> 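Below is a structure I'd like to ask you about.
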Amino acid sequence: MAENGMLRMVVIVGSTRAGRFGPTVAEWFVGRARRRAEWDVDLVDLARAGLPETLPDLDDELPRPVRALAPRLAAADAFVLVTPEYNRGFPAPLKTAIDWYHDQWCAKPVTVVSYGRESGGRYATEQLRQVLTEVHAVTIRDTVVLPCYWDEFAADGGWPRPASECVAAADSVLDRLSWWAYALREARARRPYRP
């Protein structure tokens, strides 16, 4: 939990591909969140986290990068997954990051900020909803969808354009995520969640 009763949001950049657009999207969303008094934001870039691709046997010791990221995820009151859509799905490193952990996701709200071609990442988001159910996370209905995101650059090269629909969508998502984060944090405090 964040200090002073604030909510701790962990934003995860799900793509590790060279030339990825994910960090641009994540920084934009983090900037929107940091304008609000209730959010303390922690940005996790999977390209820098160094999580191994292969999961061990249940009795094996967890690798150092997995142990290092665990407390950051455990401290979260809410998660935002920033993901592209590759071949109607989300990237393998994001799936691996979900699979390395379990209790860290339990009874916490998750939203998705997706980007891609015409679908804007909607297929990736639907797959994430299914996967996150298995780790007992609570995916909220509201998401940010960025179809053909390259069309949203302003003339000066800034992204997104100030009048872009995604700005209002992000603000709406932050409202909903805040509600769910407070509600679920209070519920976990009253009665610990046991999967």
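All values reported here derive from a predicted model rather than from experimental measurement.
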> V131 and Y123: same hydrophobic cluster, using ILVMFWY side-chain contacts below 4.5 Å?
no
> Between Y193 and V138, is there a shared hydrophobic cluster once you connect ILVMFWY residues whose side-chain heavy atoms come closer than 4.5 Å?
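No, because Y193 and V138 fall into different hydrophobic clusters, even though each may have its own neighbours under 4.5 Å.
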> To the nearest 0.5 Å, tell me how far H136 NE2 sits from D103 CG.
9.5 Å
> Kindly indicate whether the side chain of T96, heavy atoms from C-beta on, has any atom under 4.5 Å from the side chain of D99.
no
> Given side-chain contact (heavy atoms from CB on, under 4.5 Å), test Y115 with S15 step by step and report yes or no.
CA-CA 11 Å; Y115 59 97; S15 174; 4.1 Å; yes
> Search all heavy atoms of S119 against all heavy atoms of V145 and return the closest pair with its distance.
O-CG1, 3.7 Å
> Let me check something: do V113 and V41 share a hydrophobic cluster, defined by ILVMFWY side-chain heavy atoms less than 4.5 Å apart, either directly or through other members?
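V113 clusters together with V41.
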> What distance do W100 atom CH2 and E53 atom CD have between them, rounded to the nearest 0.5 Å?
11.0 Å
> Filter on ring pair (Phe, Tyr, Trp, His ring centres under 6.0 Å), then keep only pairs touching residues 68-87, sequence neighbours left out; what's left?
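The answer is F79-W105.
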> Between Y101 (side chain only) and V66 (backbone N and O only), is there a donor and an acceptor less than 3.5 Å apart?
yes
> Pairs of donor and acceptor atoms involving the side chains of residues 21-29, under 3.5 Å and at least two apart or interchain, shall be tabulated with distances.
none

> Would you check if the side chain of Q127 reaches a backbone N or O of R88 as a donor-acceptor pair within less than 3.5 Å?
yes
> Using a 3.5 Å distance criterion without hydrogens, assess whether the side chain of R185 forms a donor-acceptor pair with backbone atoms of K108.
no
> Check whether T83 reaches the backbone of T125 with its side chain - one donor and one acceptor, N or O, closer than 3.5 Å.
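Here the side-chain-to-backbone pair does not exist.
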> So which atom in P109 and which in W180 form the shortest heavy-atom distance, rounded to 0.1 Å?
CB-CB, 3.7 Å
> Could you pull out the closest heavy-atom pair between D40 and M6, with the gap in Å?
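Of all heavy-atom pairs spanning D40 and M6, the closest is N-CE, 3.6 Å.
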> Side chain of D156, backbone of G158: donor and acceptor closer than 3.5 Å?
yes
> Using a 4.5 Å cut-off on heavy atoms from C-beta on, say whether the side chain of R32 contacts that of L174.
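Result yes, sub-4.5 Å side-chain heavy-atom pair found.
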> Tell me, yes or no, whether the heavy-atom count around N87 atom CG, taken from other residues, nucleotides or ligands under 6.0 Å, exceeds 12.
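Open.
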> For the residue pair F153 and S164, establish whether any side-chain heavy-atom pair is separated by less than 4.5 Å.
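No. Closest side-chain heavy atoms not under 4.5 Å.
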> Could you check whether any side-chain heavy atom of V30 comes within less than 4.5 Å of a side-chain heavy atom of M9, counting everything from C-beta outward?
no
> Hey, could you give me the CZ/CZ distance between R194 and R191, rounded to the nearest 0.5 Å?
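That separation rounds to 9.5 Å.
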> Check whether any side-chain heavy atom of V112 sits under 4.5 Å from a side-chain heavy atom of T139, and report yes or no.
no
> Flag the pair R188 and D77 as a salt bridge only when some basic side-chain nitrogen lies within less than 4.0 angstrom of an acidic carboxylate oxygen.
yes
> Under 3.5 Å, is there a donor-acceptor pair between the side chain of R8 and the main chain of D42?
no
> Does any N or O in the side chain of R129 come within less than 3.5 Å of the main-chain N or O of I140, such that one atom is a donor and the other an acceptor?
yes
> Test of understanding: clusters of I, L, V, M, F, W, Y form through side-chain heavy atoms closer than 4.5 Å, transitively. Do W39 and V82 belong to the same one?
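Same cluster.
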> Nearest 0.5 Å, what's the CG-CG distance between D60 and L55?
10.5 Å
> Identify the residue among L46, V80, L43, L81 that makes a side chain to side chain contact (heavy atoms under 4.5 Å, CB included) with V13.
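Answer after filtering L46, V80, L43, L81: L43.
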> Assigning hydrophobic clusters by single linkage (Ile, Leu, Val, Met, Phe, Trp, Tyr; side-chain heavy-atom cutoff under 4.5 Å), is L146 placed with F90?
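Different clusters.
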> So do Q104 and R72 actually touch side chain to side chain, heavy atoms under 4.5 Å?
no
> So how far is it from I98 CD1 to L94 CG, rounded to the nearest 0.5 Å?
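Atom-to-atom, I98:CD1 and L94:CG are 4.5 Å apart.
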> I'd like to know if the side chain of E85 and the backbone of R122 have a donor-acceptor N/O pair within less than 3.5 Å.
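Answer holds: yes.
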> Looking at S172 and D142, what are the two nearest heavy atoms and their distance?
OG-OD2, 4.1 Å
> Work out which heavy atom in V167 is nearest to a heavy atom in P160; give both atom names and the distance.
CG2-CG, 4.3 Å
> Can you tell me if CZ on R67 sees more than 12 non-hydrogen neighbours from other groups inside 6.0 Å?
yes
> Kindly give the heavy-atom pair with the smallest separation between P195 and C106, and that separation in Å.
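What the structure gives for the nearest pair is CG-SG, 3.7 Å.
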> State, yes or no, whether a side-chain contact exists between T143 and S114 at a heavy-atom distance under 4.5 Å.
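Not in contact.
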